[in-house]
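In the text below, chain A, chain B and the rest are named by the order of the sequence lines, each starting its count at 1. Keep in mind it's a predicted model, so treat the numbers as computed, not measured.
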Amino acid sequence: MRVALFLTCVNDTLYPDTGRAVVKLLTRLGVEVDFPMAQTCCGQAHYNTGYRHEAEPLARHFSDVFGDYEAIVTPSGSCGAMVRELYPRMGERARAEGRGDALAATLAPVVPKTYELTEFLVDVLGVTDVGAYYPHTVTYHPTCHGLRGLGLGERPQRLLQAVKGLELVELPGADECCGFGGTFALKNADVSAAMGADKVRNAESTGADVLCAADNSCLMHIGGTMTRLRTGMRPVHIAEILASTEEEPAV
Amino acid sequence: MSGTYLGMPAFPKAAHEAVGNQTLRGNLRHATHTIRGKRAKAVSEVSDWAELREAGKRIKDHTLRHLDRYLVQLEESVTAAGGTVHWAADADEANRIVTELVKETGESEVVKVKSMATQEIGLNEALEAEGIRAYETDLAELIVQLGKDRPSHILVPAIHRNRGEIRDIFEREMSEWGRPAPEGLTDTPAELAEAARLHLREKFLRAKVGVSGANFMVAETGTLVVVESEGNGRMCLTLPETLISVVGIEKIVPTWRDLEVFLQTLPRSSTAERMNPYTSMWTGTTDSETADGPRTFHLVLLDNGRTDTLADEVGRQALRCIRCSACLNVCPVYERAGGHAYGSVYPGPIGAILSPQLRGTGSEIDASLPYASSLCGACYEVCPVAIDIPEVLVHLRERVVEGGPVTREGNKVVLKPAKGHAAERAAMRAARWAFSHPGALRTGQRLASRTRRLHPRTLPGPGSAWSGTRDLPAVPAEPFRDWWQRTQGGKGGAK
Ligand code: SF4
């Protein structure tokens, strides 16, 4: 099977390790990974901040770049939810505004083919044990768009539970938002920081070494708060845990 | 909306104060977490919750679509039952009508059933200005009134107060308003409730005029419905000779049968009860000497921005709201910021979408409300009438930053983008341009990587909003796409 990796602009620029981990993991599972070089951004920040017309060319660009692939895999719950939930809405809206079906028709093909990484592993490849090894205590934060947007359910936890050496501990208040929320983190910095601090304190109370999530944007906020509060915990993307093996352990 | 709320600072500023107040945060956290757990349990007991939610949504949507017809039907049934219907386009008109009606009775005090609509229009203040005193009789509302405070929650207006604070307020203020607090009052709930009961009973027995809102109005019979937990509302509804009910036009349901749905979903979503302890229904007037209930009944139907909201295809779903407050109780932003930061009687997620629609996005506070959310979606998940609050928030954000057509006071107008977003708009356009030109994005990434050792860990100016409390991630030596090209030989470069 040949899939396109949609890494997202944040991961490409700031978290290349996550991208390398996805490539390593999928290749190990026999999937041929392609990275279309023309990819940029799904348009989520524009859309959610209210610049929905600015988001449209980005969605169109996304469809141009990824439209021909059999499947599109992304290590980001929120960008996955953007494509799956909001691209159809962008199409409907263009129609409602009398701009015809063109946008809807352009975006439609990528919608059902876009998968968040853990969803792709469990639903499409049908694996929960990916042969990983990661000897750490880990707590999992289900990010809002993964949990409520995409409905990832227990998929990530099932994948983590199958990792050799990994001890998964429950995070109190797991389904509460960490306070990132894109531009919310800047526009309402005080509330965002208070939410982040509570998330970090809950994570700390588990005694885990690692807080894992399927979205680096949330991890950037949580991780930045962790170092500032000197917790000694680390934020790690789930792809990096699943890619780690006994021969080639993640650092 | 209410004059009390004019001149509120924008949400982030108001929230800043609240976030720093440890007592407030503790009170809110405790209260919302407790009710959150109970609600989840009460909802999980009902096997057809999803169907009830869908039914509630459909009934409300249907009613809103034919609102004109049902309102006329309601007016006819209320009139037939001996009541009088008044139409109020805005807060001023509604206040004027109620004040006149009270004056006609010759009374100078009224007892009130807890009502969001009368708070929305600032009725107590309007009455006060005309020499009429309005006594709140709901326990939490009484605490707010005695404390010269503002409500902080839809259902539990004094949620931000703890027992000690309430005791102090009672001791200090009750004598100003009537029967003083008993000697040696402690902060046990039973004693506090007893003090309130004694204080209020005096008012119920004396008052000749009652003022209420309503949770529902049934078009086919002209019946109004109030659900409550304490029974004080029922006293107000049955004892006075004149009853004046001020109700938002969206509170209508077509038939009695429709109540079946909401009388299940409302109590479970709001107080986590299976049924409301008190469900009072009144239709017109009573003419017999012995029967309970008012001899004179006035219904003031309040628009105050509702038909404008109805004109908005995305935003109108906010009018489905049955004010259960479930969205407040799960909202992580409400939990930290408290109700006052929202600058309206409608706080929390529903307030963030309702107030800027009822009042327009002209003021600083209203333009900031659509951003008072991380879009986590918890509010949508719990809402018993399935209002997609995140969707409406984004819709209103667009109205703030891009302007566009809206209906104000029945007229179609085109809004200009709000001030203060020029820099953001420019940044969004620049980002869109870079993202539409992968080469430019790549150049930017490389530049960031090359200069990464020069990047500060804390930022000046607007960036300090981030780095005041959070470290920045280090920029990696090589963006992913460069690694890909270096190691995979440009495979996938086709597009
Ligand atoms: S928006 Fe929904 S959850 Fe919030 S108060 Fe209204 S009905 Fe309840």
Exercise. Given the options B/A341, B/A378, B/G439, B/C376, which has more heavy-atom pairs under 4.5 Å with chain A than any of the others?
Worked result: B/C376
For this session: Check each atom of A/L58 against the heavy atoms of chain B and say whether the ones under 4.5 Å are side chain, backbone, both or neither.
Result: side chain
For this session: Classify the side-chain pair B/D312/B/H395 by whether it contains a donor and acceptor separated by less than 3.5 Å.
Result: yes
Exercise. Heavy-atom distance under 4.5 Å to chain B: side chain of A/H46, backbone, both or neither?
Worked result: both
Exercise. Between A/L229, A/L86, A/D198, which shows the greatest number of heavy-atom pairs under 4.5 Å with chain B?
Worked result: A/D198
Exercise. Measuring heavy-atom distances to chain B, does A/E54 have an atom under 4.5 Å in its side chain, in its backbone, in both, or in neither?
Worked result: both
Seminar exercise, completed: So, the part of B/V19 with a heavy atom under 4.5 Å from chain A: the answer is side chain
Exercise. With chain A, which of B/R425, B/H33, B/R399, B/E402 has the greatest number of heavy-atom pairs at distances under 4.5 Å?
Worked result: B/R425
Exercise. If you tally heavy-atom pairs under 4.5 Å against chain B, which of A/E176, A/H61, A/K187 wins?
Worked result: A/K187
For this session: Give, for atom OH of B/Y380 and atom SG of B/C327, the distance between the pair rounded to the nearest 0.5 Å.
Result: 14.0 Å
Problem set entry | Cationic N near anionic O, under 4.0 Å, A/R28 to A/E248 | no
Exercise. Between B/G377, B/P332, B/P476, which has the largest tally of heavy atom pairs under 4.5 Å with chain A?
Worked result: B/P476
Exercise. B/S373 versus chain A, heavy atoms under 4.5 Å apart: side chain, backbone, both or neither?
Worked result: backbone
Problem set entry | Heavy-atom proximity to chain B below 4.5 Å, by part of A/I222 | neither
Exercise. Judged by modelled atom types alone, do A/D190 and B/H16 share a side-chain donor-acceptor pair under 3.5 Å?
Worked result: yes
Problem set entry | Pairs of heavy atoms under 4.5 Å with chain A: top-ranked of B/K13, B/H437, B/E313, B/R25 | B/R25
Exercise. For A/R52, is it the side chain, the backbone, both, or neither that has a heavy atom closer than 4.5 Å to a heavy atom of chain B?
Worked result: both
Problem set entry | Any B/P417 side-chain heavy atom under 4.5 Å of B/V401 side chain | no
Problem set entry | Greatest number of heavy atom pairs closer than 4.5 Å to chain A - which of B/E424, B/E478, B/E398 | B/E398
For this session: List the steps and the verdict of side-chain contact (heavy atoms from CB on, under 4.5 Å) for A/S217 and A/Y15.
Result: CA-CA 10 Å; A/S217 306; A/Y15 300 98; over 6 Å; no
Exercise. A/S192 and B/R470: side-chain donor and acceptor closer than 3.5 Å?
Worked result: yes
Exercise. With distance as the sole criterion, is a donor-acceptor pair present between the side chains of A/S76 and A/T8 under 3.5 Å?
Worked result: no
Problem set entry | Distance-only polar pair, side chains of A/N11 and A/T18, donor-acceptor under 3.5 Å | no
For this session: Select, from A/A45, A/C144, A/G179, the one with the greatest count of heavy-atom pairs under 4.5 Å involving chain B.
Result: A/C144
Problem set entry | From A/M82 atom CE to A/Y87 atom OH, the distance as rounded to the nearest 0.5 Å | 5.5 Å
Exercise. At a heavy-atom separation under 4.5 Å, does B/R397 approach chain A through its side chain, its backbone, both, or neither?
Worked result: both
For this session: Look at the rings of B/W466 and A/H221 and say which category their plane angle falls in: under 30° parallel, 30 to 60° tilted, over 60° perpendicular.
Result: perpendicular
Exercise. Checking heavy atoms, do the side chain of A/R93, its backbone, both or neither come under 4.5 Å from chain B?
Worked result: side chain
For this session: Pick one of side chain, backbone, both or neither for A/S78, based on which atoms fall under 4.5 Å of a heavy atom in chain B.
Result: neither
